[in-house]
Amino acid sequence: MERAVLEMHQITKQFPGVLALDKVDFDLYPGEVHILLGENGAGKSTLMKTLAGAHEPDSGTIVVDGREVRIRNPKQAQALGISIIYQEFTLIPYLTVAQNIFLAREPLRWGMRGLVDRDRLYADSTAILKTLGISVDPRSVVSTLGVAQQQLVEVAKALSLNARILIMDEPTATLSDQEIEQLFGIIHNLKSRGVGVIYISHRLQEVGQIGDRVTVLRDGRSVGTYNVADVDINTLIKLMVGREVMEKADRRSLPNAPEALRVSHLHRNGVLHDVNLVVREGEIVGLAGLVGSGRTELARAIFGIDPFDSGEIVLLGKRLVATNPSLSIRLGLGLLPEDRKSDGLALILPVKDNVTHASLTRLFPSFILDFRKERAIAERYVRDLRIATPNIFRQVGFLSGGNQQKVVLAKWLATQSRVLIFDEPTRGIDVGAKAEVHDFMRQLARQGVAILMISSDLPEIVSMSDRVYVMREGTIVKELEGEDINQETIIGYAMGKGEGQ
Amino acid sequence: MLRSYLARFSRGIALLALCVIVSLATPVFLTSDNLLNVARQASLLLILSTGMTVVILVGGTDLSIGSIAALSSCLVAPFFLRGASTLQIVLGIILGLGVGAVLGFLNGLMISKIGLPPFVATYGMNQIARGIALAYMAGNITYGFGPTFRYLGAGMLYGIPVPVIIAAAVFLLFYFLLSKTVFGRQVYVVGARPSVATFSGISVPETMLKVYTINGLVAAFGGLVFISRLNAAEAGLGETFPLQAIGAVAIGGTSFRGGIGGVTGTIIGALIVTVLTNAMNLLGVSTLWQTAVTGAVIILAVVLDQGLVAQGVGAALVMRRNRRVRAEA
Ligand SMILES: Nc1ncnc2c1ncn2[C@@H]1O[C@H](COP(=O)(O)OP(=O)(O)OP(=O)(O)O)[C@@H](O)[C@H]1O
Ligand SMILES: [Mg+2]
């Protein structure tokens, strides 16, 4: 067998209060996709960051091409041929795509420092994007791109470095099926060129689709490396979570329950037109559609982040022709935003503050904080949602991605809203936690809470929803119930089946 | 471990070290007369920088506090002249605070509703308020206040200067406001991440309006204490207020990106600046050089801060609690 391009031995990394990695072994061969699995906070990102030069391990050795190396900063990692696509975006929003791809290593005119050769910058970027089959204009400014397109630019950036070791930390969390296909195509292409790929994901079906080997981390320890062909998903889940995860779809039909939220003829120029929907008390209603079909925009308009031009919202019996978030929250509507880093959490503030941000006036009607009460609430959600944090005083920014997502959930559960809109509630959450969140949502529904759930994860829509609305191009094109709720039907309507006939 | 504790108290330790050094250098420093003097001098700066802390916590800044102090105290100074009744004085103070609050409110409007950068809006307000004060006073000085009003800035209570007591009260009030009230929480979220505040149902413009209004009020209050001590009001007063207050907040460790810090740091920042000035006076450092030294200290303090405090505060808290958790388990 060929020599491994990368070997990691007994890697240990301690953060204040957390042993993030505990003597982890890991290796990678050229031309293979090695998948890294583990619950939220298991240490996956941390392990990869020791390769990328973002963290130095406390102990252990890293061997690249048979030579022991120390990787102290990203430049050294680059020089060794290691490239990483981080879980959180690292693109600079106000620069163009090309400027981002070649950030800090722009082609120079006449070899002079500080003089960027713009023609070559754009020509080279166009070439890279083209070989990868990514249709993004290298001259467009990153902030104008959608999340999925930005993700593809991240891929292009990492690949432009001619990496021999490519690390992808949850690259598909924000992609739609079509773009995932495209990404897999790119990965196959890389394999054939001998690049070794380390791939982190919480979408377990991807293990079989592109993986060659798989390593499972639990609580900072490696619990084993397997050939993908030799293990099934249930075994992997058990290894990750330490127990079996059972999730069964149970669909309820509540046609006579009182209406909690009714949206009529909602219109926002160029974004939403004639949107009509109803969510009843105790119901979980799925809102499906392609990325860009207007689901998030609809949620924002209902909640009052964006204004709407015409139409009407009836929220728990109150008629509204305009809304704003504080009014919505007061009336009993919550929106769990899609982008946790920018809208969901104040990363520099502690877990406990973040949990109570959306319920301050409800929890403390006298406007004086009650620390005991706050602490009890924060600790309860940390326990119930099994948020991995040493304590509730920790800055949220220090938690792993999935645990941050759980804090967002806690924040909106703490509002005790009667109507909740969840925008991609389980993005980036591990299987075990996902099942727990789903259970939580079902419990809420049983207590009479009306839930509108936006998700790009079709199995999630299918297993969770009592009813489904399918959105396309800013309007609702279909309502599905009972037997009709299945992936094929949903995709069909989402892509425009039955139109123009 | 030790390092994070050091980081947490670094400012306090710096202040202590400064005091020790100065008292070794000159015996005069530790005399009660001098300490009272330091406290009296620090009190005005402390009042002004407390309000400034809140502004900087929401990610803003306020360059107009000196002019607001000047305009408001010049307008109401006639209420305090010798022979004024207590009712008149109270009325004058309320009016003066009102003027400050209105000017601060206008700052808030420009920033939150029109969307001007705080630097620009308050710079403009600084010029406008100063201009009106100059035109109104037309070069005159209002002086000769009655003893009741002078008590505010120059009086003593149980051997403690009244302005020191006032400053302590202002500090306690803001400490309470920032750490124990819903409003304080809102200030921190708005500063840390405005979009998160919006999604949480906290109105960013409203919070900004409140914060700048409060700061206008604090500036006017500082102005009143100032003219009371000086026994005179003139249009040019307080030119150095904004930068002094911002300096004290910076040394106190409040982040200019918003969302991190508080008035406890600021009190120490204000004391460091005052003790430093006092020491230079005692040691006979020329006033020409004092400004330069103060500037250097501000830069030094912030540099030290960036390295230590970032990891420090969080880590120290975490570790202390972890130990407790482990001990309980
Ligand atoms: N910079 C840091 N400072 C302190 N603790 C950290 C830091 N980075 C990570 N941690 C902690 O280390 C542990 C492992 O985190 P890591 O991000 O590696 O998890 P992960 O496996 O990538 O999880 P996820 O699936 O949620 O992304 C977590 O408990 C996290 O809180
Ligand atoms: Mg991660």
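In what follows, chains are A, B, ... by sequence order, proteins preceding strands, each numbered from 1.
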Residue A/Phe15 versus chain B: region with a heavy atom under 4.5 Å | neither

Look at B/Ser179, B/Ser200, B/Ser203, B/Pro194 and state which one has the largest set of heavy-atom pairs under 4.5 Å with chain A.
-> B/Ser200

Report the C-alpha distance between B/Thr181 and A/Leu369 in whole Å, list the side-chain angles of each, state the deciding distance to 0.1 Å, and finish with yes or no for side-chain contact (heavy atoms from CB on, under 4.5 Å).
-> CA-CA 5 Å; B/Thr181 68; A/Leu369 301 177; 5.5 Å; no

Pick one of side chain, backbone, both or neither for A/Thr356, based on which atoms fall under 4.5 Å of a heavy atom in chain B.
-> side chain

Answer with side chain, backbone, both or neither: which region of A/Leu360 has an atom nearer than 4.5 Å to a non-hydrogen atom of chain B?
-> both

Please step through side-chain contact (heavy atoms from CB on, under 4.5 Å) for the pair B/Arg193 and A/His357, ending with a clear verdict.
-> CA-CA 12 Å; B/Arg193 192 84 207 179; A/His357 275 154; over 6 Å; no

Candidate pair B/Phe176 and A/Ile368, rule side-chain contact (heavy atoms from CB on, under 4.5 Å), full reasoning | CA-CA 9 Å; B/Phe176 178 78; A/Ile368 308 288; 3.5 Å; yes

Check whether more than 12 heavy atoms from other residues, nucleotides or ligands sit under 6.0 Å from atom CZ of A/Arg362, and answer yes or no.
-> yes

Passes side-chain contact (heavy atoms from CB on, under 4.5 Å), B/Val196 versus A/Leu345? Steps please.
-> CA-CA 6 Å; B/Val196 172; A/Leu345 297 174; 5.5 Å; no

Which heavy atom of A/Trp412 sits nearest a heavy atom of B/Phe199, and at what distance?
-> CH2-O, 3.0 Å

Report, as yes or no, whether the 6.0 Å neighbourhood of atom CZ on A/Phe364 holds more than 12 heavy atoms from other residues, nucleotides or ligands.
-> yes

State which residues pass ring pair (Phe, Tyr, Trp, His ring centres under 6.0 Å) with B/Phe119; sequence neighbours excluded, sorted by chain then number.
-> none

Heavy atoms of other groups near A/Phe371 CZ, more than 12 under 6.0 Å | yes

Contacting moiety of A/Arg330, where chain B heavy atoms sit under 4.5 Å = neither

Taking all heavy atoms of B/Gly201 and all of A/Ser326, pick out the closest pair and write down the distance.
-> O-CB, 2.9 Å

Is the CZ atom of A/Arg372 crowded by more than 12 outside heavy atoms at less than 6.0 Å?
-> no

